[in-house]
Structures are given as structure tokens and as C-alpha cells.
Number of protein chains: 4
Amino acid sequence: MVMFSDELLRNSSEIWRKFLPHRFLIEVAENSISREKFARWLVNDYYFVKNALRFMAILMAKAPDDLLSFFSESIYYISTELDMFKRNAEKLGIRLNGNIDWRAKAYVNYLLNVAYSGSFLEGFTAYYCEEKAYYEAWKWVRDRVRSDNPYIDFINHWSSQEFEKYVNKIEAILNPLAEKHGEFEKEKAKIVFREVSNFELLFWDIAYGGE
Amino acid sequence: MVMFSDELLRNSSEIWRKFLPHRFLIEVAENSISREKFARWLVNDYYFVKNALRFMAILMAKAPDDLLSFFSESIYYISTELDMFKRNAEKLGIRLNGNIDWRAKAYVNYLLNVAYSGSFLEGFTAYYCEEKAYYEAWKWVRDRVRSDNPYIDFINHWSSQEFEKYVNKIEAILNPLAEKHGEFEKEKAKIVFREVSNFELLFWDIAYGGE
Amino acid sequence: MVMFSDELLRNSSEIWRKFLPHRFLIEVAENSISREKFARWLVNDYYFVKNALRFMAILMAKAPDDLLSFFSESIYYISTELDMFKRNAEKLGIRLNGNIDWRAKAYVNYLLNVAYSGSFLEGFTAYYCEEKAYYEAWKWVRDRVRSDNPYIDFINHWSSQEFEKYVNKIEAILNPLAEKHGEFEKEKAKIVFREVSNFELLFWDIAYGGE
Amino acid sequence: MVMFSDELLRNSSEIWRKFLPHRFLIEVAENSISREKFARWLVNDYYFVKNALRFMAILMAKAPDDLLSFFSESIYYISTELDMFKRNAEKLGIRLNGNIDWRAKAYVNYLLNVAYSGSFLEGFTAYYCEEKAYYEAWKWVRDRVRSDNPYIDFINHWSSQEFEKYVNKIEAILNPLAEKHGEFEKEKAKIVFREVSNFELLFWDIAYGGE
């Protein structure tokens, strides 16, 4: 039987190919990315992480009892990224409270609204998508990067074994959860996965290209 | 100027007097509580903690940016209580999946609904109330208890310096937050504080008296 | 194939038998109900209707596009009950802003929380339960009542053809919706139906017996 | 004393000037709008109305008791727009299930999320903004249009006395509500008003200009 997570990835593969690798990632790996582009990514991604925490929290409120520890640990784990952002922003001389691209806000509002209004399966699928996409993106960079890369903290974080285990855990929860659901519910979750995939692509476009 | 937290406590003092100390707490301190009563408390409080995590998560989703780390840490901190319950339940030979009193469910649904439908100030006030009430209740016990008390883990946890600091942190967030609000909003929060105070009292009644 | 609504009703039949008829309903039909009991019902049910509107609104926010007109019309239809309460309370000399039994609040908070945190199927099943229970309860009364009964407005309203059609519409939406879902989702909805059934029984107990 | 609604409008006046009138509105008034542009507006606005109903429903769930009838009637009133869209789409030979611009979705997700996560005042302010903006936009058109304009149904609807009364009612609820709140809460609501104003402008840009 095909695993639900594999179905999701296959069903959105043409979108994922566009950001694995995205030009932004290539230039980060080569350390040729412009300061302006990197700063834009940093500011928007810091905003994203703060709201991803809210998104996870809404999901946690709807989660079954046996996932409460998982969510508590995961929210705590992701919240440590906030310090990573602050530390690196200071080191790189970038101000974190820059302008947020309105499309990054659109992504965030989409996620929050799926968590509030959608089924738990839809929300959890969105969660898997955004974390999996980040892992794959930064793993691609890590496999090509030199250790003196100025962005190594971010690269190491999202491609670490710890982060890989975290993403695998989400996948290991998602797959049996999906199997308990009928086709109707699974089809809706697949649509969510595609929407989030498109937003992931958009996010790199925002960082690289600006307005 | 009177602090909001003091106003809340004074405004509900006649309710708090009924559980500081409640007969249940006296008998726990004396180690004269019946096994049946303690088991009833354990099972219902385990259920409460799981749902308090959901309650905190809903609040977190509405919280301003500068409270996201606080909520991440607090949710993680409270989630460790789940293990304390499991460990002690096993030690005491009590099954955690016993019947939940429907009034404990009513308390939980009240909290969840305040978090979803109420203002952030109302929700945060409810949060302060339930954590403060627990700290005061177990601190009362701790000051009277012998170290070989079989429930010492619970007593120590909720009367610890760490828990005290956690409750003080909630208070230190609540007071300036309340001051930013008009009387209309503060009055609504005071009503919430009284409702939660009554539920705290009820919770001890459930544990002690059953149906 | 057994319809989902039939399964729900059969699965909770021993609860429904306790309120079809409840002593409260018998005495309303006989016009022997005490003024105090009727006033208690009136005050608590007015509170219930206001919150049932909120409950329906939360469900509407999660509803698929093709149910938006249904919800708009249904919310409007149920909101007209508010005037029926005001009109009759005045006629009967009962003040509507009396004390709300805390158990009626518990029922309301349960419904609101199912709508916020549960799946749309769970919420819609709760909705079917409370409306169907009211129709059956008052239809029982109508079939036994004399036309000069002082509560005839309420009796006529909830046993009217219009209300019957409304309940049948809910049922006609619920059944195909449920069939699109897997067993896992349907089982959760059945549990909700039982919980709401118990609250419906409790509601008559509150009205009849007070504290 | 300056009314809150006046403050809001003044504070966003430079945004409103950009759509009062927008080129889209001018061309509708002149009946020179291209079929493609009008169809794009129709399809996206139909999508907007469906989600505006959800937005109003979330607000209704948080509303105080004395606004429940207002919301029931308003949701019902706005739901009748769905038929107006269907009727006119058929008459004009436009298919309603066309592509939704992703920026229209972003607007909708913003509104839904303000309603879910924001205070009631923030949500209600957003509601006032989008309805007031529509009234003013279409009133501008009505004052310039000939009665044989093919879009007269839409123009008449949103510039009607009934719609004007509806918008005035929202304003009459908003102003005293805002006055009960402190500056902190009012400032947050002003930011929401600006955000929604920008989305209203964007919406006309979408209709007129496409991607």
C-alpha cells in the first residue's frame, strides 16, 4: 500500500521540483546570495516561525490525547528557532523587525485558517508539508555547502539529524492517522498539501525576488 | 494603585477561603485521605492537565509576539506533569483511565470556550486563576506535610520554587496587560476569574465527595 | 443500508426513552406543571437558544459552500425563537433574566467546544441531536395537549410542520455527509450524539427538579 | 468627541481615495468595462461573499447577547446576495465557478483569521470596513449610472436604502462598542481597518487588472 505521505509528495512533485533547489538555495549554498535577498528571507522567515508556532498551537488544541506530548515538545523545539534568528540577525547585522511581505502574511493566514476551520487531518497535513519542505530544502543546501558559510547555523539546524527525526515523527503520525479516514477526507487533505506546497515555493520567490 | 491580580483575588476571596484549605487538602496533608478519594482526584486531574494544555494552546494562538516564548516554555513545562501523573499512578496502583466526573468536563469546556470565544485578557485571567489556585492549594499542604507522605511528588511539584516562579510570571504578564485595557474589558475578566474560582472549588468537591 | 441518523438514534435509544416523555413534558401536556418549574425551563431554554445560535454560527464557519444558504436560513429561523420567548415570558409574567443553572451552561460549553475543536461531522451530529430531540419532545406534548394550554406557543412551534421540515433537512444533510466519512470519524460522531442526548435529558431534569 | 468610525475613515482616507472611484467602478458606471474584467470581478466577489458569511458567523459566535438578532438578520440578508450572483451570472452568461485569484483568497483568510484570533472589536471593525467600502463604492457608481446598465442589479443592491441602513446599523453598533474600550484596543482595531482598506483596494485591482 502506498503511504499517504508518499502520495502527497508525488501529487505535488512538480511544485517541489521548483524549489528543490530554488535559486535562493543555490546562492546560499554558494555563498553568493546578496545581503538584501538574505535579509529579506530572514525577516520574513522570522515572522513565519512566530506564526507557525500559533498554527501548531491551534492544531494542538484539536489533537487527540496521545499527541499532546508530541505537540508540547514540538512547539518548544520550534520556539528555540526564535533565538537562532535573533542570534544570527545580530551577527549578520540585520534588523529582524523589517517589512513583512504581504504574501508571507497570506501564507500565514492560510495556515492559521486551515488549522481553525479545517479538519485535524487537513491541518496536520499542512504541518507536515511546511516542515518537510524546509527539511528537504536545507538538506539540499547542506550537501553542497562549505563549513565557513555565514549562514551555517540555519543550514545546520534544518538539516540536522534532530530536525530529520522531528519531520519523520510528523510523517509517522500522519500516515496511520490518514488511513483511519475515508477518501473524502484524504482528498481534502491532498488539496491542502498542494496549496501549502505552492506557498513554500512562493516563499522562496519572495526572498529571492522581492515584490 | 491596586494591582489587577490583587483585585481579582480580593473579589473572589470568599470562594478561595473555601478551598484554602479544602477538606481534601487537609486529609492529603495528614495522609488520612481515602484511597478512593485520592484516586478520584488523580484521574480527574490528569484529565484536567491534558485539557489545560489545549486551553493554553488556544491562548497561545491569540497571544502577542512577545509572549510566544513564554507560552512555548509553559506548555512544555506543564506537559511534564503528564509523566508525573503516569509515574505516580503506577506507584500508587491507580489506573489513570478511570471515569471522568462530568463536572470536571464542564470545567474544562468552560476554559476551552473562554479561550476560543473570549478576549485574550479574559482567557489569560482564567489561566492565572487556575494556576494560582493550584499553587496556593499545594503550598498550604506543603507547609504541613511530612516528607514520607505518599503524595509528596505532587505536593512538591505544585509548591516548588519553579512552579512559584511560573505563577509569578503569569501574574507579571497579566497585570500590565490588564492596565492597557478599559474598565469594560477588565470587568468581564473579573467575572471569568470568579467563574474559574468556583470551578476550582468544585474540583476539590468532586475529588472529596464524588457524585 | 442503515442510515446514519437511525444508527445514532438506536445507539442512544435508552437515553431518549427517559425524556420521551419526561415528567416535565407530561405535566406541560396536562397543564399541571408548576409555575416555578415552567419558569426555570423558560429562563434556561432562552439561554440555551442564544448559545445554540452561537453554536450554529461556529459550524457555519466550517461548512462547505453548498451549506451556507442552509445555515443562513437556519440561524435566522432559530433566531425568531428569541422573540417567541420574550413574547411568552411577558404574557406569563416570567422574567427572562433569571438565574441560569450551571449545568445548562455546561451543556452549552460542551456544544460550543465540539463546534470549535471537533470535526464538522461531530459538530453537525450534535446539531442534529439537539434539534431532533426538541422536535420529538414537543411533538409528544402536542399529540396530547388541549388547545387552551397556556404554553401552546412553544408546543406549536417545535412540533410544527415547519420545524419538522427543518429537522428533516438537517437529517438529509447529515446522512450523506456521514457516508463520505470512514468508520473512525463516524464512531467519534456517535459518541458526541450520546453526550448530547445525555445533556438533553439533563436539561429536562434541570427544569423539573432544580438543583 | 470624534466618532470612532470617523477616525477610522480619516486614518485610511488616502487608501479609500484610490478606490473611490477605482477605474473598475468608472468603467462599470460607463458600461465600458470589458466582459473579461467584469467576469473576473463576479467570480471573485461571489467567492468573497461566501467567505464573508463565514467571517460574520465567527464574529457572531463571539458576540454579546444583544447582538445575536442583528447577526442572524445580517447573515441572512447577505446570504441573499448569493442568489443575486447566480441570477446575474446566468443572465450575463458568466460561469461562477471560475478561477479564484490567490490574492482574493489572501483577503478572505485575513478576515477569517482576524475573526478567529483577534478581539471582537478588531473583528467588528473589519466587518464595518468591508461593508462600508462596498456601500461607498457602489453608491458612487449609482450616482452616475443609466438605468439600462447591464450590472444594475448589483449597483442597486449595494447602494440601496436597505443596504445603507444595514451599514449605518453596523456603524451605530461599532461606535459605542469602541468607546467602551481603552486606547490599546482601539489602536489595534485601527490597524485592522487599514489592512482591510488595503485589501478592498487590492480587490478592485484584481478585478480590473488580473494577475
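FYI, side chains are in, hydrogens and waters are out, and symmetry mates aren't considered; it's all heavy atoms of this structure. A, B, ... follow the sequence lines: proteins, then strands. Residue 1 opens every chain.
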Within 6.0 angstrom of [X] [atom1], more than 12 heavy atoms from elsewhere:
X	atom1	value
C:E164	CD	yes
B:R142	CZ	yes
C:Y76	OH	no
B:D66	CG	yes
B:E90	CD	no

Apply the test side chain to side chain contact (heavy atoms under 4.5 Å, CB included) to residues B:L112 and C:Y116: give CA-CA distance (whole Å), side-chain angles for both, the deciding distance (0.1 Å), then the verdict.
CA-CA 9 Å; B:L112 295 172; C:Y116 273 127; over 6 Å; no
Among B:V108, B:I58, B:N109, residue most engaged with chain C (heavy-atom pairs, under 4.5 Å)
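When all of B:V108, B:I58, B:N109 are compared, B:N109 has the most.
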Side chain to side chain contact (heavy atoms under 4.5 Å, CB included) between C:E195 and B:K105, intermediate numbers included
CA-CA 11 Å; C:E195 293 264 18; B:K105 293 184 188 176; 3.5 Å; yes
Per-residue contact mode, B:L111 against chain C (heavy atom under 4.5 angstrom):
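B:L111 has no heavy atom closer than 4.5 Å to chain C.
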Quick one: sort the C:W102 and B:F199 rings into parallel, tilted or perpendicular, breaks at 30° and 60°.
perpendicular
